[in-house]
Student: 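Just passing along the structure, written as structure tokens.
In what follows, chains are A, B, ... by sequence order, proteins preceding strands, each numbered from 1. Note that these values count all heavy atoms, side chains included, but never hydrogens, waters or copies made by symmetry.
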Number of protein chains: 2
Amino acid sequence: MKTVTVYDIAREANVSVATVSRVLNNTAPVKKATRDRIMELIHKHQFQPNALARSLLKKETGMIGIILPDITNPFFPAVLAGVEQEARSRGYTFFLCDTVSTNRDSADQYVRESQYLSLLMEKQVDGIIMIGGRINLARPDKEMVQEVVEAGKRVPILLLNGNLPGGGLYRIYTDETEGAELATQHLIELGHRDIAFVGGYRHMSNTIQRQQGFTKTMRRHGLQIRREWILDGGFSVESGKALMERLLRGSERPTAVFAPTTWWRSAH
Amino acid sequence: MKTVTVYDIAREANVSVATVSRVLNNTAPVKKATRDRIMELIHKHQFQPNALARSLLKKETGMIGIILPDITNPFFPAVLAGVEQEARSRGYTFFLCDTVSTNRDSADQYVRESQYLSLLMEKQVDGIIMIGGRINLARPDKEMVQEVVEAGKRVPILLLNGNLPGGGLYRIYTDETEGAELATQHLIELGHRDIAFVGGYRHMSNTIQRQQGFTKTMRRHGLQIRREWILDGGFSVESGKALMERLLRGSERPTAVFAPTTWWRSAH
DNA sequence: CTGAAAGCGCTTACAG
DNA sequence: CTGAAAGCGCTTACAG
């Protein structure tokens with residue numbers, strides 16, 4: 001199927017392509033008769049302007065790339081839905097980049113993040129949102145950081161609920177520490193004194209921050225923190241079960257558990 | 001930040017842009033020394049070819065559009081994850097189009113489907129996947145159908161678990177009727193005779209097909225189908241609760257319920 | 001192994 | 001209100 005271009009429309013309407021472009025974009029007044037004639041041809045041929053050509057010229061694509069670890073983890077679709085709605089209302093659409101690895105090799109995930117970062121830039125997205133992955137690492141590799149910072153000089157990058165040292169990046173985040181303090185406070189007010197902290201990953205900054213909030217609040221109330229009641233092991237349902245079992249197997253049991261993560265249903 | 005192009009690289013390397021393009025794409029032999037020089041400049045400038053320009057020429061973008069109703073319904077991310085993995089291994093990425101409406105006005109959803117359909121074509125995606133929405137309607141509007149069929153003449157369109165009259169569209173689907181027959185059969189083999197059918201929407205083809213399978217199997221076993229035990233009302237958790245309560249309020253109760261839907265957790 | 005030139009499908013000053 | 005022409009950043013015959 002030979003695609004129709006502004007030239008085809010222009011020829012058939014006996015005008016120049018400039019004029020066609022003008023009615024297409026409403027960018028300058030066009031005589032009513034001419035405009036009508038052109039409109040008719042557009043409908044007749046079902047003409048749709050090639051966004052690639054336009055973007056090449058205007059240097060904007062209306063596309064936002066989003067790099068996330070695993071779309072089957074319900075946290076991300078929830079975030080995505082909100083972001084998407086706002087973006088849509090301003091004429092943007094999303095380029096989805098899921099970095100989860102099949103083989104559960106997590107190093108793989110960061111490689112994929114890098115690949116997607118380049119890909120998105122080549123595709124000339126107007127902005128990139130990163131959530132999860134390297135931006136939650138307590139000690140990310142220097143190159144991992146550098147890469148994002150460099151990319152951030154070329155296109156706006158937003159880190160959602162995470163961070164990376166080195167400026168030039170936009171951020172939106174929640175106060176993990178304070179959240180954990182409030183949660184712990186709540187348990188204490190309910191009368192609990194034997195509280196466990198179970199879940200997350202020791203190498204992730206969000207887990208660490210929550211643990212700090214937890215520890216701080218416990219100390220402030222003069223409560224004991226038992227080493228064997230502080231367990232990490234991930235964000236999956238399975239890990240949650242395993243850790244909980246381990247906790248319950250002990251001779252002494254906590255009366256409350258602070259799980260610094262939602263134990264997402266895993267789709268696997 | 002002035003972006004660097006093949007021209008900049010060419011000039012600095014004292015070669016033509018054709019040669020730069022050749023090393024970029026490995027599309028023709030280039031003298032080692034020249035290639036090395038060019039590669040070095042590419043790294044030095046962190047040059048990334050503009051995919052828009054390339055796609056404009058090659059008439060392929062490596063992008064697949066996916067139109068779905070609501071990314072927060074876990075069914076879709078699960079499908080997406082599979083599709084994405086396969087696509088990724090072949091160098092494609094996804095353009096996500098979520099059509100859910102804020103205001104819960106479902107007519108809105110179909111309008112959005114149409115908008116996204118055009119948008120995706122303008123963006124020159126290499127293919128479109130549709131799942132949910134109009135392709136599950138028992139009696140879709142003529143225009144709704146026509147629109148997709150027309151689009152299908154310009155770009156490959158895949159209907160996932162749904163259908164639309166009129167050829168030219170690709171399809172992948174499950175046999176809803178047989179699935180329902182098997183499920184019903186199973187309940188009967190367990191000894192149940194009073195079985196209810198609760199959930200879904202009467203205007204959706206998948207619900208209808210499942211109901212047909214249910215009815216057929218019940219009849220084949222000479223079992224009675226009570227009108228008041230066939231209830232529809234949606235796919236959400238809330239609707240499931242409401243319908244179930246209604247069922248249990250009756251004077252006689254079924255011993256088993258066939259819910260022709262997963263009652264998805266709603267993120268709202 | 002390499003270059004000059006045309007072309008992908010648009011938009012945008014510039015000129016009238 | 002309208003047109004001719006340049007240009008966005010690439011790739012690809014064609015010719016050597």
Side-chain angles (χ1 to χ4, degrees), chain A residues 1-39 41-42 45-63 118-119 121-126 154-155, chain B residues 1-39 41-42 45-63 118-119 121-126 154-155:
Chain A
M1 184 162 197
K2 164 189 138 308
T3 88
V4 4
T5 73
V6 279
Y7 279 94
D8 302 316
I9 304 288
R11 191 180 319 114
E12 203 169 333
N14 279 312
V15 296
S16 74
V17 292
T19 302
V20 175
S21 174
R22 282 176 194 123
V23 348
L24 233 34
N25 301 288
N26 234 301
T27 176
V30 174
K31 211 201 322 180
K32 177 116 177 21
T34 319
R35 145 171 270 114
D36 289 347
R37 190 149 32 96
I38 293 175
M39 282 305 239
L41 289 170
I42 288 178
H45 293 290
Q46 305 232 54
F47 169 68
Q48 298 190 291
N50 184 323
L52 256 29
R54 170 183 290 156
S55 294
L56 187 56
L57 234 19
K58 310 202 60 167
K59 284 157 176 2
E60 63 178 58
T61 55
M63 310 191 302
S118 313
L119 185 73
M121 298 182 67
E122 290 185 7
K123 301 247 189 234
Q124 313 295 122
V125 296
D126 295 337
R154 305 184 165 214
V155 55
Chain B
M1 186 166 197
K2 163 188 138 313
T3 88
V4 7
T5 73
V6 280
Y7 279 95
D8 301 317
I9 304 289
R11 190 178 324 112
E12 202 169 334
N14 278 313
V15 296
S16 72
V17 291
T19 302
V20 175
S21 174
R22 280 174 196 124
V23 347
L24 232 33
N25 301 288
N26 232 302
T27 177
V30 173
K31 208 199 329 181
K32 177 111 176 30
T34 318
R35 142 171 273 114
D36 289 347
R37 190 150 32 96
I38 293 175
M39 283 304 241
L41 289 170
I42 288 178
H45 293 289
Q46 303 233 55
F47 169 67
Q48 297 189 293
N50 185 323
L52 255 28
R54 169 183 288 156
S55 293
L56 188 56
L57 235 18
K58 310 202 60 164
K59 279 146 179 10
E60 63 177 58
T61 54
M63 310 192 301
S118 313
L119 185 74
M121 297 181 68
E122 290 185 7
K123 299 244 190 236
Q124 313 296 120
V125 296
D126 294 337
R154 306 184 166 213
V155 54

Student: Report the nucleotide, chosen from D/dC10, C/dT2, D/dT11, that has the shortest atom-to-atom distance to any side-chain atom of B/Phe47.
Tutor: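 Closest nucleotide among those given: D/dC10.
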Student: Donor-acceptor check, side chain of B/Ser21 to backbone of B/Val17, threshold 3.5 angstrom: yes or no?
Tutor: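 A pair under 3.5 Å: no.
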Student: Quick check: on DNA chain C, is the nucleotide nearest B/Ala28 upstream (toward 5') of the one nearest A/Leu24, or the reverse? Name the residue that is more 5'.
Tutor: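 Comparing both residues, the 5'-ward one is B/Ala28.
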Student: Select base, sugar-phosphate, or nothing to describe what A/Asp8 touches, counting heavy atoms under 4.0 Å on all strands.
Tutor: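 Contact class for A/Asp8: none.
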Student: Distance check needed: C/dT11 P versus A/Ile38 CD1, whole Å only.
Tutor: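 One finds 12 Å between P of C/dT11 and CD1 of A/Ile38, rounded.
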Student: What are the two closest non-hydrogen atoms of A/Lys123 and A/Met63, and how far apart are they?
Tutor: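 Closest approach of A/Lys123 to A/Met63: O-CE, 3.6 Å.
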Student: Quick one: is A/Ser16 getting a side-chain N or O under 4.0 Å of the D/dG3 phosphate, OP1 or OP2?
Tutor: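 Checking D/dG3 against A/Ser16, a side-chain N or O does come within under 4.0 Å of OP1 or OP2.
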Student: Nearest 0.5 Å, please: how far is CD1 in B/Ile9 from OG1 in B/Thr19?
Tutor: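 The distance works out to 13.0 Å.
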Student: Got a donor-acceptor contact below 3.5 angstrom from the A/Asp36 side chain to the A/Ala33 backbone?
Tutor: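 No, the answer is negative, given that no donor and acceptor are paired below the 3.5 Å cut-off.
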Student: If I take atom OH in residue A/Tyr7 and atom C1' in nucleotide D/dA6, what distance separates them, rounded to the nearest angstrom?
Tutor: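 In whole Å, D/dA6 C1' lies 10 Å from A/Tyr7 OH.
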Student: Name the pairing partner of C/dT2, where a pair is Watson-Crick or G-U wobble with both distances under 3.5 Å, or state none.
Tutor: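 Pairing partner: D/dA15.
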Student: Looking at D/dT2, I'd like to know if its phosphate oxygens (OP1 or OP2) sit under 4.0 Å from a side-chain N or O belonging to A/Thr34.
Tutor: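 Result: yes.
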Student: Using the C1' atoms only, state how far C/dT12 lies from C/dG16, rounded to an integer number of Å.
Tutor: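 Their C1' atoms lie roughly 16 Å apart.
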Student: Give the nucleotide from the list D/dG9, D/dC14, D/dG3 with an atom nearest to the side chain of B/Thr5.
Tutor: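 For B/Thr5, the side-chain atoms sit closest to D/dG9.
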Student: Looking at D/dT12, I'd like to know if its phosphate oxygens (OP1 or OP2) sit under 4.0 Å from a side-chain N or O belonging to B/Ser21.
Tutor: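 For D/dT12, neither OP1 nor OP2 has a side-chain N or O of B/Ser21 closer than 4.0 Å.
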Student: Taking CG from B/Asn25 and C1' from D/dC10, how many angstroms apart are they, rounded to a whole number?
Tutor: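 Distance check: B/Asn25 CG to D/dC10 C1' gives 9 Å.
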Student: Rounding to a whole Å, what distance do you find between B/Ile9:CD1 and D/dC10:P?
Tutor: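 From B/Ile9 CD1 to D/dC10 P: 9 Å.
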Student: Looking only at heavy atoms, what is the nearest atom pair of B/Arg22 and B/Val30, with distance?
Tutor: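 Minimum heavy-atom separation between B/Arg22 and B/Val30: CB-CG2, 3.9 Å.
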Student: Given atom CD of A/Glu122 and atom C1' of D/dT11, what is their separation to the nearest angstrom?
Tutor: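 Going from CD in A/Glu122 over to C1' in D/dT11 covers 15 Å.
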Student: Expressed in angstrom and rounded to an integer, what is the separation of A/Met121 atom CE from D/dC10 atom P?
Tutor: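 Between P of D/dC10 and CE of A/Met121: 13 Å.
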Student: Using whole Å, report how far CZ of B/Arg22 lies from P of D/dC14.
Tutor: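 So the two atoms are 14 Å apart, to the nearest Å.
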Student: How long is the line joining CD of A/Gln124 and C1' of D/dC10, in whole Å?
Tutor: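 Rounded to whole Å, this separation is 11 Å.
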Student: Contact between A/Asn50 and B/Leu56 at the side-chain level, heavy atoms closer than 4.5 Å - yes or no?
Tutor: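 A/Asn50 reaches B/Leu56 side chain to side chain.
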Student: 5'-most contact on DNA chain D: A/Lys32 or A/Ala18, nearest heavy atom basis?
Tutor: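 Looking at the nearest nucleotide for each, A/Lys32 comes out on the 5' side.
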Student: I'd like to check A/Val23 versus A/Met39 (side-chain heavy atoms, cut-off strictly below 4.5 Å). Are they in contact?
Tutor: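 In contact.
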Student: For A/Gly62 versus A/Asp126, what's the shortest heavy-atom pair and its separation?
Tutor: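 Smallest interatomic distance, heavy atoms only, reads N-OD2, 2.7 Å.
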Student: Which residues within residues 49-62 of chain B lie with some heavy atom under 4.0 Å of an atom in DNA chain D?
Tutor: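 B/Pro49, B/Asn50, B/Ala53, B/Arg54, B/Leu57, B/Lys58 - these, ordered by number, are the residues of the stretch whose heavy atoms sit under 4.0 Å from the strand.
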